[in-house]
Amino acid sequence: MAQKPGIPKGTRDFSPAEVAKRNYIISVIRKHFELFGFQPIETPSFENSSTLMGKYGDEGDRLIFKILNSGDFLRKVDDALYTSKDSTRLTGKISEKALRYDLTVPFARYVVQHQNEIDLPFKRYQIQPVWRADRPQKGRFREFYQCDADVVGSQSLWQEVEFVQLYDTVFSALGLKGVTIKINNRKVLSGIAEVIGEKDKLIDFTVALDKLDKIGEEGVKKEMLEKGISEAAIEKVQPLFRFTGTAVEKLDRLSELLGSSEEGTKGVEELRFICNTIEATGLEAATLDLDVTLARGLNYYTGAIFEVAASGVAMGSIGGGGRYDDLTGIFGLKGISGVGISFGLDRIYLVLEELGLFPETVTSSSRALFINFGEAEALYSIKAIQSLRRSGIKVELYPDNAKMKKQMQYADKRSIPFTILVGEDEMNKGHYTLKNMQTGEQKAVSLKELTEVLAV
RNA sequence: GUGGUUGUAGCUCAGCUGGUUAGAGCGCUGGAUUGUGGUUCCAGAGGUCGCCGGUUCGAACCCGGUCUUCCACCCCA
């Protein structure tokens with residue numbers, strides 16, 4: 001019995017039209033990555049588990065797709081472990097490889113492994129799929145593409161400035177207006193935790209603060225209390241709940257609040273440099289928004305934190321990034337600072353689709369279809385087709401001598417703009433009947449004229 | 001991982017507290033029209049009602065499980 005076909009949850013097939021649109025986005029991103037001096041690398045779709053495990057927190061470990069060992073792997077597991085039903089420990093024994101969870105950790109591995117071949121600062125970009133064993137949701141898949149640009153080996157804040165401009169340029173090129181690039185700094189968050197006397201609860205504190213726009217002031221306070229953050233501390237962060245104004249105003253107030261924290265003050269100065277510089281250079285399509293509640297993806301960030309949100313659509317962040325001072329340290333190479341950003345291809349696709357921002361021209365169908373009237377006519381046609389293709393014009397011959405109605409319908413449904421009819425009459429006269437499928441008008445033309453009309 | 005939701009023709013969906021042979025629109029195939037697509041008309045094909053089990057004289061409908069969809073939480077692009 002034939003089995004019912006299907007694909008795993010959270011994965012998708014892409015039709016020709018969808019691939020064309022995805023390629024359009026990728027080409028825009030790639031073009032600008034290169035324009036900013038980044039070079040492409042690629043890494044394997046799966047890594048050794050040890051490379052990935054423990055890099056994304058417990059939650060991350062749970063979401064990593066593990067690959068079962070080959071062979072009779074259970075034979076190597078001792079009975080005690082097997083009967084203990086300890087999945088976590090057993091996994092370590094029967095799975096030694098795992099699918100890539102993001103592009104940053106494999107990049108860190110790459111840098112360390114190839115440290116003698118690369119020149120610092122090293123600017124690389126990477127456009128590849130990643131996998132997460134997450135439960136699917138709107139804009140959330142188990143297989144999706146990330147488009148990352150990172151630079152390692154430079155602590156300069158000019159990198160942060162350039163990344164803001166890179167975001168702006170790409171979204172501008174995609175016609176996506178009203179994008180908000182939210183920026184924050186891990187040192188500022190750390191400083192806040194310090195001055196309110198909750199330095200050891202930094203993660204709990206920032207995770208709760210990050211939810212402000214989602215669960216509101218009361219919700220955040222409630223969560224902080226639940227995590228054991230004192231009333232007095234919450235009282236001190238009160239100003240952050242209504243933190244409005246221009247970047248300069250916010251920075252001045254932050255500067256005041258964090259005066260006693262050396263780290264916090266440093267963070268404010270970093271933000272001030274980035275905001276002032278962007279203020280001076282200006283942005284095209286995006287707005288830079290200093291958001292002290294931004295804290296996501298905190299795990300390895302040490303300086304700037306970025307997150308990008310599109311306006312007018314209910315969609316999670318379409319990009320994110322930040323600075324990590326010692327990412328390669330875990331692989332044995334200390335003191336290399338990195339900073340980078342990521343574009344979420346699949347979410348950008350959904351946003352462009354929802355806002356109707358894909359250009360008409362992205363789908364790449366043939367310019368013309370030659371109607372097949374039989375052997376001799378097809379041979380005559382294929383010669384013209386060879387010539388047209390040499391001129392870079394996408395044309396094709398209907399493969400069978402089917403009824404004209406069927407051939408016309410085929411061209412119509414595939415939105416091929418022209419059909420070319422070559423029958424006995426045309427062959428004798430040495431010309432071609434070119435039909436415009438939109439207007440319905442048709443005329444006899446020479447091969448030269450055909451080439452001119454179809455070339456665009 | 002937690003809670004909810006969805007699944008009926010290729011697609012979008014009807015289908016009455018459980019009652020003959022499960023319907024519509026669009027699409028598809030053929031014809032009206034043997035060198036002309038889109039419009040119109042005619043005819044036709046196409047469904048293990050997600051899957052497995054249970055209750056019942058009888059299940060698309062009720063119950064359990066499972067898979068899938070979408071949504072919220074967690075977390076994140």
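Below, chain A is the first sequence line, B the second, and so on; all start at residue 1. No hydrogens, no waters, no symmetry mates; every other heavy atom, side chains included, goes into these values.
- Of the options A/Lys66, A/Lys97, A/Arg100, A/Arg109, a salt bridge (Lys or Arg N to Asp or Glu O under 4.0 Å) to A/Glu47 is made by A/Arg109 and by none of the others.
- Under 4.0 angstrom from either OP1 or OP2 of B/U69 there lies no side-chain N or O belonging to A/Lys138.
- With both pairing distances under 3.5 Å, B/A43 is matched to B/U29 as a Watson-Crick or G-U wobble pair.
- You'll find the ring centres of A/Phe171 and A/Phe343 inside the 6.0 Å limit.
- Residue A/Ile318 is classed as a sugar-phosphate contact, given heavy-atom separations below 4.0 Å to backbone atoms only.
- At the heavy-atom level, A/Gln409 lies under 4.0 Å from the strands shown only through sugar-phosphate atoms.
- Under a cutoff of 6.0 Å and an axis angle of 45°, A/Arg22 and A/Phe14 form a cation-pi pair.
- Taken residue by residue, residues 434-450 of chain A places heavy atoms nearer than 4.0 Å to RNA chain B at A/Lys435, A/Met437, A/Gln438, A/Gly440, A/Gln442.
- Remark on RNA chain B: of its neighbouring residues A/Thr419 and A/Ala133, the 5'-side contact belongs to A/Ala133, judged by nearest-heavy-atom nucleotide.
- Residue A/Glu143 is classed as having no contact, given no heavy-atom separation below 4.0 Å to the nucleic acid.
- OP1 or OP2 of B/C74 has at least one side-chain nitrogen or oxygen of A/Lys211 nearer than 4.0 Å.
- Between the NZ atom of A/Lys405 and the P atom of B/A32 there is a distance of 9 Å, rounded to whole Å.
- With A/Tyr145 as the partner, the side-chain contact (heavy atoms from CB on, under 4.5 Å) test is satisfied by one option alone out of A/Asp346, A/Val130, A/Ile25, A/Ile348: A/Asp346.
- Nucleotides B/A32 and B/U39 are separated by 14 Å at their C1' atoms, to the nearest Å.
- Nucleic acid contact class of A/Gly10 (heavy atoms, under 4.0 Å, all strands): sugar-phosphate only.
- Shortest non-hydrogen contact noted between A/Ser342 and A/Tyr167 is O-OH, 3.1 Å.
- Of the P atoms belonging to B/G18 and B/G7, the separation is 16 Å, rounded to the nearest Å.
- Annotation: cation-pi pair A/Arg124/A/Phe107 present, NZ/CZ under 6.0 Å from the ring centroid and within 45° of its normal.
- Within 4.0 Å of A/Ser342, counting heavy atoms only, lies no atom of the nucleic acid at all.
- Residue A/Leu369 contributes atom CG, which lies 17 Å from atom P of B/G35 at whole-angstrom precision.
- Using a 4.0 Å heavy-atom distance criterion, A/Glu426 is classed as a base contact.
- Going from the P atom of B/C70 to that of B/A60 covers 27 Å, rounded to whole Å.
- Annotation: B/G65 and B/G3 have their P atoms spaced 11 Å apart (nearest Å).
- B/U2: Watson-Crick or G-U partner is B/A72, with both key distances under 3.5 Å.
- Using a 4.0 Å heavy-atom criterion, one finds that A/Gly423 contacts the bases of the nucleic acid, with or without backbone contacts as well.
- Projected onto RNA chain B by closest heavy-atom contact, A/Gly316 and A/Pro136 fall at different nucleotides, the more 5' of which corresponds to A/Pro136.
- When the P atom is used for both B/G1 and B/U69, the distance is 14 Å, rounded to whole Å.
- Here the side chain of A/Lys383 pairs no donor or acceptor atom with the backbone of A/Leu379 at under 3.5 angstrom.
- Within the structure, every side-chain polar atom (N or O) of A/Gln407 is placed at least 4.0 Å from both OP1 and OP2 of B/U36.
- In this structure, B/U21 forms no base pair with any nucleotide, since neither Watson-Crick nor G-U wobble geometry is met with both distances under 3.5 Å.
- A/Lys413 has a side-chain polar atom (N or O) that falls below the 4.0 Å cut-off from OP1 or OP2 of B/C28.
- Note on A/Asp425: a base of the nucleic acid sits closer than 4.0 angstrom, heavy atoms only.
- Of the C1' atoms belonging to B/A24 and B/A14, the separation is 7 Å, rounded to the nearest Å.
- A distance cut-off of 5.5 Å between ring centres, combined with a plane angle under 30°, leaves A/Phe343 outside any stacking arrangement with the base of B/A77.
- Considering all non-hydrogen atoms of both residues, A/Phe73 and A/Asn69 come closest at CD2-O, 3.2 Å.
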